[in-house]
J.: 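Questions regarding the structure given below will be posed in turn.
In what follows, residues are counted from 1 in the order of the sequence shown. FYI, side chains are in, hydrogens and waters are out, and symmetry mates aren't considered; it's all heavy atoms of this structure.
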Amino acid sequence: MEVTKSKGVDAIHPVFGFLFENAAFARVRQKAGIIFVGPEPKLLEMTGGTTAGRTPAKKINVRILPGTEEPDH
């Protein structure tokens, strides 16, 4: 966050992957006042990331693409 602030960055889009699914990162940027173009920390905690997010989606009958059922880390 220190680098983003010193360079005048006002928003971060982490694409997909580690930072996109990281609630702690989203919370840190929120405290720093930097816009995070992605899910809010609370939503990230609820879903647990892409793989874990499949479970609540299935429970409410959201159509999902076939994919890995177990976390890869």
J.: Which atom pair, heavy atoms only, marks the closest approach of K58 to I64?
T.: CE-CD1, 3.5 Å
J.: How long is the span from the CZ atom in R27 to the NZ atom in K42, to the nearest 0.5 Å?
T.: 10.0 Å
J.: Do you know which two heavy atoms are closest between I12 and I34, and how far apart they sit?
T.: CG1-CG2, 3.8 Å
J.: Measure across N22 and A24 and return the closest heavy-atom pair with its distance rounded to 0.1 Å.
T.: OD1-N, 3.0 Å
J.: From R29 CZ over to K31 NZ, what is the distance, rounded to the nearest 0.5 angstrom?
T.: 11.5 Å
